[in-house]
Trainee: 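First the structure, which I've put down as structure tokens, then a few questions once you've had a look.
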Amino acid sequence: MIAGLPIAFGAPAILFGLLALPVIWWLLRLTPPRPAAEPFAPLAVLARVLKPEETPSRSPWWLTALRLLIAALVILALAEPVLNPPERTLNESGPLALVIDNSWASAPDWEERVAAAEALIDEAESRDLPVSIVFTAERRHDATPNTVERARDQLRAARPQPLHPERDSAVTALVAAFGETAPGTLAILSDGVETSDTGSALARIADLDAAAIRIIGAENLSALVLTGADNGADALSVTSSRLESGTGENFRLVARDSKGREIAEGRLEFDAGETAATGTISAPFEIRNDIARIDVAGRQSAAIQLLDDSFRRRRVALISGEAADIAQPLLSPLYYINRALSPYADLIEADTADMSAAVPELLRLSPAVIVMADIGTLPDEVTEPLVEWIERGGTLIRFAGPRLAAAPADDPLAPVLLRKGERELGGALSWVEPQPLADYPPNSPFAGLPTPRDVTVSRQVLAEPSADLAERTWASLADGTPLVTAANRGGGRIVMFHVTAEASWSTLPISGHFVDMLRRVVQLSRASAGGGEAGSGILAPWRLLDADGALVPASGDAKPLDLSGGATPRAGHDNPPGLYGTEDGFVALNLFEEGDALTPISIPEFEAPVTRAPLTRESAVDFRPWLFGAALAALIADTLIVLVLNGGFRGRITGGRARSGVAAASLVLAAALSAATVLAPGSARAQDSQPGDAELLESLEETRLAYVITGDDATDETSRRGLDSLSEFLASRTALEPGASVGVDIETDQLSLYPLIYWPMSEDARDPSQAGISRIDAYMKSGGTVLFDTRDRIAELGGGSSALTLRMQRILSGLDIPPLEPVPADHVLTKSFFLLDTFAGRYADGPLWVEAIPETDDPATRPARAGDGVSSILITGNDMAAAWALDERGYPLFSTVPPDPWQREYAFRAGVNIVMYMLTGNYKADQVHIPALLERLGQ
């Protein structure tokens, strides 16, 4: 590398070639230029004879300098100069070990990480070093040093994962794979985010005894995560964390519904130097309840927040059995309920104590939960709507009291059968002290909450013993009597607290534990997993996040989410972030939880030398194409200069005769093109205009069969399909591969390019003009052949009486045709390709008429004929095109008469013989073919 400049040479030894430039200069100066060519001018030559001969001794200095420049450019190009060359820092004392973070934070710049790793692998390949590669977010590691091809395969197969890196397990795999072998260079492609095991992993790297350590991409990162979301009374608040940054940043929060549509937005602002911030999304209550995920605009990452039913703010209706005492609010049944739920739910209260009016009004507002404090008997007209609301998914929470204790035992809105009256504990007439709460059963939604030892119950409503009482009990007292019972009704449930909602029967309402219990019950107002209870079930993975934050179908490696312990597990390999449950109800598992914070990775000191490099660097620029291009341009300039010096362009000044020659050549070329236009046949399309040069050249490239356009659409379509099918048959059976058939207008199109023209007779065809007849006559006399087909099974040319035969006779009357005869048994047509004795078409009983050849014993006296003995006219009435015509699927369009599959095969063979006869002439009449023909005939 040149000092102070990021330029390096791949082959610096070639630069010594620049020392040869003075020698090249000397050689070029002594080498005379090429003698100039002079046009013959006798007088000028004789005048120069009297002068002494002059020979230039050197080239012009500027031409020599140009050639030296060419040599210098070629030498510099061969030296392989590169701007911003990649650093070659691999230690050759051992294999290359790569530790690559493919966690959630690596997704935005994953392609750059792959490029950086590929550059290291390429350098290892140039130095013949094995490579070991591990990815920190993978479940399993293959750290055995292997070939660079294997490392490239591992790198191409790797993808970023929506998980935290597990660096300690990756380093453990490296230590086990290397054993006593020490890596030459250990390269760490870090995502820059600290994890709980990073310290121990980096400390264990010292056990590898690497000769050199390289840290890539651990600085200047901008990772940002969302750590929590809380649906408050007026807005949804979102907590977030980022890596340390000295500048303030402002982000847009995007709230989407379950279908991915953006329904709300908010702002997230970080002050300078702050790593945590809280953003808000202000929206109406109903819209906030529809939010399914929260993203940061412009960032595709798995560090988002997925929301489930537990994040949705419930609408809770409150009904009390007695009027509120404004003077003594602490004695109001709804006071403690209001204080406990107001931070987490949208509360509405009945405006009247009349249950027949209050309950329908509250049901009209579609609450998720209805809380009834000490209500005994409800009017019959509201009981049925309330039961229907519960069965549709509503949750009814009831609190006991004097009125409920006096209600009938068969209350339909009670989860269990109640005893009439109440039980008093610790009174003057009771031998039992007030009871504390017992530990919660595992099937209770309260499982996982600490059992409050300071809460006591002095009075309660008892439940009648039954077989399912234990199953319906969510909480009980120390003596085993139920405190909270519940029962499912349809899609909803009824939950009953067997104490009052105020502190007259127990100390539960004035404890903080009361808030936790009510909040969990309210969160269950909607099924979290298709009817199962969140916090007490095992939920199968439904939709999982990928590294870009997109929800994809669950993979086979994900395990069900176990919520039976009462706490949600952390996201990991077994439970990747995503949604667990079903479409009807699910639990969201996020990668980050409330309270998580991002911290930058801390790299300790190593005994081995450590180098740091950014993940991306300026791309290398290879100067070789530019230098070779400049050398080529200079060489072209040198060539033009030499031509000018040697008189190569002198004809432009003194060559008036040359200009005249060029003009004459141009005129000849134009005349040739015009003649080709006149003599060439029509283009492949049936049209009135003459074909252009391109169409003529296209027609010359392949043999085509032609047919006369009669004007009868049905006849012309049959001719086209028949000749196309015959062309395909020729391509499959012979070495000839004809092109598509061509329809020609004998009045305007050129005919000379087609060896055979098929002319079917049609009653609806227009009569050709005399000029058209003359053009056909000229075509036949110049070697072309016309196959006339009357399509009426004629037996005699002169005796036919059908309209088609008469039409052909009118046309032939204008032609100069020779005598005709049916094809003789020894005619070349019978053996030009197949051995035939008949020329069938759609009909098989008509003969094929050809030009008669006079019999003679002396071949020398045989009259001369054009076209190598090929008959210029063929006449049949067997409707050959109809026998050849096939549709797009290969099925015949017309049946033969009589219907015989072999007759159609013989028709195709007759067509092959006719075409081969047109192309080869009397070739098969030579004596050399007679032995083979006799053998075929069995003679």
Side-chain angles (χ1 to χ4, degrees), residues 684 686 703-733 736 738-746 749 751 754-765 768 776 784-794 802-805 807-808 811 823 829 834 836 838-850 873-918:
T703 302
R704 296 169 181 256
L705 304 180
Y707 61 91
V708 174
I709 298 176
T710 63
D712 182 356
D713 293 340
T715 302
D716 294 342
E717 179 65 14
T718 301
S719 300
R720 182 186 68 82
R721 287 186 178 272
L723 293 184
D724 282 344
S725 301
L726 178 60
S727 298
E728 294 178 1
F729 191 86
L730 282 163
S732 64
R733 299 295 181 93
L736 177 64
S741 62
V742 180
V744 295
D745 187 344
I746 64 173
D749 288 341
L751 311 176
Y754 309 110
L756 175 67
I757 297 178
Y758 177 76
W759 193 341
M761 298 294 106
S762 172
E763 296 180 356
D764 298 329
I776 286 291
T785 299
V786 180
L787 172 58
F788 290 92
D789 193 342
T790 61
R791 304 185 299 150
D792 60 355
R793 309 167 68 176
I794 62 171
S802 71
L804 298 177
T805 301
R807 180 179 183 82
M808 185 191 67
I811 294 174
V823 175
L829 263 172
F834 294 103
L836 300 176
T838 182
F839 294 86
R842 188 183 179 195
Y843 311 110
D845 48 359
L848 176 66
W849 298 79
V850 297
I873 182 172
L874 302 174
I875 300 176
T876 183
N878 289 338
D879 197 3
M880 287 188 167
W884 299 331
L886 305 176
D887 62 12
E888 292 79 2
R889 297 174 297 174
Y891 294 114
L893 293 177
F894 303 94
S895 61
T896 61
V897 180
D900 182 7
W902 277 105
Q903 181 175 328
R904 192 178 308 278
E905 173 68 20
Y906 284 123
F908 274 109
R909 293 185 180 185
V912 170
N913 275 28
I914 292 173
V915 173
M916 301 304 292
Y917 170 64
M918 296 301 104

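This one's a predicted model, so the numbers in the text were calculated from it and none came from an experiment. The residues of the chain are indexed from 1 along the displayed sequence.
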Trainee: Quick one: closest heavy-atom pair of Gly841 and Ala907, and the distance?
Mentor: CA-CB, 4.0 Å
Trainee: Any non-hydrogen side-chain atom of Leu836 less than 4.5 Å from a side-chain atom of Leu829?
Mentor: no
Trainee: If only atom types and distance count, is the side chain of Arg842 paired as donor or acceptor with the main-chain N or O of Ala883 below 3.5 Å?
Mentor: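 No, because the side chain of Arg842 does not come within donor-acceptor range (under 3.5 Å) of the backbone of Ala883.
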Trainee: Judged by atom type as modelled, is there a donor-acceptor pair below 3.5 Å linking the side chain of Asp724 to the main-chain atoms of Ser741?
Mentor: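 Answer holds: yes.
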Trainee: If the condition is side-chain contact (heavy atoms from CB on, under 4.5 Å), which residues does Val708 pass it with, not counting sequence neighbours?
Mentor: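 Checked Val708 against side-chain contact (heavy atoms from CB on, under 4.5 Å); matches are Ile746, Ile757, Trp759.
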Trainee: Sequence neighbours left out, cut at 3.5 Å: what donor-acceptor pairs do the side chains of residues 889-899 make with other protein atoms?
Mentor:
from   : atom 1 : to     : atom 2 : distance (Å)
Thr896 : OG1    : Pro898 : O      : 2.8
Thr896 : OG1    : Asp900 : N      : 2.9
Thr896 : OG1    : Asp900 : O      : 3.4

Trainee: Quick one: CZ on Phe834 to OH on Tyr906, what's the gap to the nearest 0.5 Å?
Mentor: 10.5 Å
Trainee: Answer yes or no: is there a side-chain heavy-atom contact under 4.5 Å between Tyr917 and Thr785?
Mentor: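 With C-beta onward as the side chain, the pair stays apart.
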Trainee: Who passes side chain to side chain donor-acceptor pair (under 3.5 Å) against Ser725, sequence neighbours left out?
Mentor: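 For Ser725 there are no side chain to side chain donor-acceptor pair (under 3.5 Å) partners, ignoring immediate neighbours.
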Trainee: Taking salt bridge (Lys or Arg N to Asp or Glu O under 4.0 Å) as the test, write out the residues that go with Arg909, two or more places apart.
Mentor: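 Testing Arg909 for salt bridge (Lys or Arg N to Asp or Glu O under 4.0 Å), a comparison that skips the adjacent residues, returns Glu905.
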Trainee: Can you name the side-chain contact (heavy atoms from CB on, under 4.5 Å) partners of Asp789, sequence neighbours left out?
Mentor: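 Partners of Asp789 under the side-chain contact (heavy atoms from CB on, under 4.5 Å) test: Tyr758, Arg791, Thr876, Asp879, Met880.
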Trainee: Can you label the angle between the Phe729 ring and the Phe908 ring as parallel, tilted or perpendicular, going by 30° and 60°?
Mentor: parallel
Trainee: On a heavy-atom basis, which atom in Ser719 and which in Ala881 lie closest, and how many Å separate them?
Mentor: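 Scanning both residues completely, I find the closest heavy atoms to be CA-CB, 4.2 Å.
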Trainee: Run the numbers on Ile873 and Ile776 for side chain to side chain contact (heavy atoms under 4.5 Å, CB included), then give the verdict.
Mentor: CA-CA 11 Å; Ile873 182 172; Ile776 286 291; over 6 Å; no
Trainee: For the residue pair Asp716 and Gly711, what are the closest heavy atoms and their distance?
Mentor: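 Reported closest heavy-atom pair: OD2-N, 3.2 Å.
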Trainee: What's the separation between atom CH2 in Trp884 and atom CG in Leu726, rounded to the nearest 0.5 Å?
Mentor: 5.0 Å
Trainee: Minimum heavy-atom separation for Phe788 to Met808, with atom names?
Mentor: CB-SD, 4.0 Å
Trainee: Measuring from atom CE of Met761 to atom CD1 of Ile811, what distance do you get when rounded to the nearest 0.5 angstrom?
Mentor: 4.0 Å
Trainee: Atom OG1 in Thr703, atom CE in Met918: separation rounded to 0.5 Å?
Mentor: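 Reported to 0.5 Å precision, the distance equals 13.5 Å.
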Trainee: Is there a side-chain contact between Glu763 and Leu804 in this structure, where contact means two heavy atoms from C-beta onward sitting under 4.5 Å apart?
Mentor: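 When only atoms from C-beta onward are counted, Leu804 and Glu763 do touch, with a gap below 4.5 Å.
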Trainee: Please find the pair of heavy atoms, one from Ala840 and one from Ala910, that lie closest to each other, and give the distance.
Mentor: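 Smallest interatomic distance, heavy atoms only, reads O-CB, 4.2 Å.
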Trainee: Measure the CG-CG distance between Leu736 and Leu705 for me, rounded to the nearest 0.5 Å.
Mentor: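 It is 8.0 Å, given to the nearest 0.5 Å.
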Trainee: Who are the side-chain contact (heavy atoms from CB on, under 4.5 Å) partners of Asp764, not counting sequence neighbours?
Mentor: Asp712, Ser762
Trainee: Starting at CG of Leu751, measure out to CG of Asp745 and round the result to the nearest 0.5 Å.
Mentor: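 That separation rounds to 9.0 Å.
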